[in-house]
Amino acid sequence: MRIEVDRELCCGSGMCVLTDPETFDQSEEDGVVQVLRTQPSAERQAVVRSAVSGCPTSAIRLVE
Amino acid sequence: MTTTEPPLTEAAPGPAQTCPVMHGTQPAAAGRDLLNYPFSGAVPLDPPVEWEQVREQCPVVAVRLPSGDEAHLVTRYEEARALLADPRFTRQIPVNAESRIGASEDGGVFSRQATSGLKIFEGEGHLRWRRLMAKAFTIKRVESMRPRIQALADELVDKMVAAGPRADIARDIGAILPVRVIGDLLGVPTEDLHRFATWSDAILTLTRHSKAEVDAARQDFGIYLAKLIEAKRAEPGDDLLSELINITDSEDGRLDMVELIVTAMAILVAGHETTANMIGKMTAMLLADRSRFETVVADPSIVPSAVDEVLRFDTNPSIGVPRYVSEDIAVGGAEIGAGSTVIVSPAIANRDPRRFPEPERMDLRRTNNQHLSFGAGPHFCLGQPLARAELQVVLGTLARRLPTLRLAIDRRELRVKQGLIVVGFEEVPVEW
């Protein structure tokens, strides 16, 4: 599983950072999502999925 | 075409095609018997009965606004979320649109945005603006403000305790904490903050103020901010306004002077009024059934999920999110005609059983709680990390310091502030 983000769609809400700070961070300059681990471990996948569905602009997607 | 059947008494979701929807291009027939929106609940903390009726009746229903005009109300989660992220539904409601929201002559705050001609409200201009603002509202920046918010909450509770054992949460915390926090963030002197309440109420008026009063408030507010900007230009501080002034003065096209003033106004108004109301509503919701508050007292680790659950559960929400369509678009199987105004109600969608298990139960440990109270899509609430942090700090502090807290009046005596776009209680009297 690989995480892909659309920087243009991202509104910088930080919801992904709140949900899974081990996988996601935000730029301190413009709030845009930064992916810390693009290939999350098996045990992190559930929380990553929750961050994906919780993104208010659907800017994060998973490529299986 | 008729959309005027009385609400179904037995909620029976039929095929979406059976939902009659009028087109915005049609002249509004006089005397059409539409539901008036917003609905008013009979009991302040119970959802209006119309919520479930309209949601189960149709994903989109025709309603009458306080202005007298008609609009389409979106009632279900999936449709609401999709619509909020769909750029074909714009925030720019033309002044000559058929549906003005507010009763004031210019249609209220939503219509005024459209006439501003500013690029920061929509599309690429909005995205650029959002990037400029986002740095002030990242999770890390907001977390770094939490100790200051906590100190303020403790100071306010100290005062309540000294004057106790009765207080009004709306007046003693709600009206003070969020405006102080947003004032600090933006760099507004604390001694000036009391002036915002009047300006803010006028700007957020639905039916309460005349256009002349609103214009006067906007003008005074604008003049105040222009003077503050001059002062900060001479003597910059470590605050958002000083940062934004730098950006404006660089004249690189990112933010001009008018946009700067509109931005400061928007952040000050949005940054305190909504959270101020929510502090009172949260407290009232949790104390109306004291077992809820006791659950938080017994296990403070649930504060974050409890805050999101009261946000989802809010029975006295704002009017909703208006959008305008300039082309025919299908929503939930219904055709919405070009020229229509659409209102998304996060509160109604937040109780959609298609999305939330047992939606009418307040579950303070609810997981996967992606409510729409902060919206969705590119206009998702900029200040939500700050609003969440403030609500969490207030709830955690009340539970820790005043575990015997209870409502000092019957919940049915709670009075809703009337005539504004944002909704809250006049008073939330408590004792301990």
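Remember, predicted model here, so these are calculated numbers, not experimental data. Convention: sequence-line order gives letters A, B, ...; per-chain numbering from 1.
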Subject >> Heavy-atom pair count under 4.5 Å with chain A, highest-scoring of B/Ile139, B/Leu382, B/Val142, B/Thr367 >> reply: B/Ile139
Subject >> Which atoms of A/Arg49 approach chain B - backbone, side chain, both or neither, heavy atom under 4.5 Å >> reply: neither
Original post:
Between B/Lys135 and A/Glu29, is there a salt bridge with N-O shorter than 4.0 Å?
Top reply: yes
Original post:
Highest number of heavy-atom pairs under 4.5 Å with chain B: which of A/Cys11, A/Gly14, A/Cys55?
Top reply: A/Cys11
Original post:
For B/Leu127, is it the side chain, the backbone, both, or neither that has a heavy atom closer than 4.5 Å to a heavy atom of chain A?
Top reply: side chain
Subject >> Salt bridge B/Glu143-B/Arg146, side-chain N to carboxylate O under 4.0 Å >> reply: yes
Original post:
Any chance the side chains of B/Gln370 and B/Arg81 put a donor and an acceptor closer than 3.5 Å?
Top reply: no
Original post:
Are B/Asn350 and B/Ser373 close enough that a side-chain donor and a side-chain acceptor fall under 3.5 Å?
Top reply: yes
Original post:
Are A/Ser27 and A/Asp30 close enough that a side-chain donor and a side-chain acceptor fall under 3.5 Å?
Top reply: yes
**OP:** Count the heavy-atom pairs under 4.5 Å between each of B/Phe380, B/Phe374, B/Phe137 and chain A, then report the option with the highest count.
**Re:** B/Phe380
**OP:** Name, in order of residue number, those residues of residues 56-64 of chain A that have a heavy atom at a distance of less than 4.5 Å from a heavy atom in chain B; otherwise write 'none'.
**Re:** A/Pro56, A/Thr57, A/Ser58
**OP:** May I ask you to say whether B/Asp308 pairs ionically with B/Arg366, meaning some side-chain N is under 4.0 Å from a carboxylate O?
**Re:** no
Original post:
Is any NZ, NE, NH1 or NH2 atom of the basic residue among B/Arg76 and B/Glu79 found under 4.0 Å from an Asp or Glu carboxylate oxygen of the other?
Top reply: no
Original post:
Between B/Asp314 and B/Met282, is a side-chain contact (heavy atoms from CB on, under 4.5 Å) present by the stated rule, with each step listed?
Top reply: CA-CA 8 Å; B/Asp314 186 4; B/Met282 169 176 75; over 6 Å; no
